[in-house]
Amino acid sequence: MDDEYVEAVLSLVERIPPGRAMAYGAIAEVVGAELERGGPRLVGAVMASFGGGVPWWRVVTASGRLPPGNEVAARRELAAEGTPLTSDGSRIDMRRAAWLP
DNA sequence: ACCTTGACCTTGG
DNA sequence: CCCAAGGCCAAGG
């Protein structure tokens, strides 16, 4: 992916308010609407390589599952900012937390 | 150019 | 809830 696409994704993630979240697919739709390219998998690739500088814990799968590897840190952040979670606490409740710019 | 690999998504069993 | 199948876009070997 090129820098323009990476920038678009990262700047969008930065705008997600605390306590809310966006799915990879949703991000792909918003960004793709302007740049005419990309998709959920590409967004995932961007976050994997360049997501370190943004609130990556607010980006989850469509079903609210947290990204692999950093569940521990993610849970702490989410709990701290009061993100709506499912009863078992393992996933984000996307019906309530979903956010669109 | 061909094939494999992903922080994906939806549907169906 | 878990798994498999198809569809998806781009990168890397």
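Chain letters run A, B, ... following the sequence lines, proteins first, then strands; residues in each count from 1.
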Watson-Crick or G-U wobble partner of [N], both distances under 3.5 Å:
N      : result
C/dG7  : B/dC8
C/dG13 : B/dC2
B/dG13 : C/dC2

Identified side-chain contact (heavy atoms from CB on, under 4.5 Å) counterpart of A/L10 within the set A/Y5, A/F50, A/W56: A/F50
Using the side-chain heavy atoms of [X], tell me which of these nucleotides is nearest: [options].
X     : options              : value
A/R91 : B/dA7, C/dC1, B/dC9  : C/dC1
A/A23 : B/dC9, C/dA10, B/dA7 : B/dC9
A/L42 : C/dC2, B/dA7, C/dA10 : C/dA10
A/M1  : B/dA7, C/dA11, B/dC9 : C/dA11

Nearest-angstrom distance, P atom, B/dA7 to C/dG6: 22 Å
Check: A/T86 main-chain N/O paired with A/S90 side-chain donor or acceptor under 3.5 Å: no
Sugar-phosphate, base or nothing in reach of A/A62, heavy atoms under 4.0 Å: sugar-phosphate
Lys/Arg N to Asp/Glu carboxylate O, A/R58 vs A/E81, below 4.0 Å: yes
C/dC9 base / A/R41 side chain donor-acceptor hit below 3.5 Å: no
Which atom pairs, one a donor and one an acceptor, fall under 3.5 Å between side chains of residues 13-30 of chain A and the rest of the protein, sequence neighbours left out?
unit_1: A/R20; atom_1: NE; unit_2: A/A97; atom_2: O; d: 3.2
unit_1: A/R20; atom_1: NH2; unit_2: A/A98; atom_2: O; d: 2.7

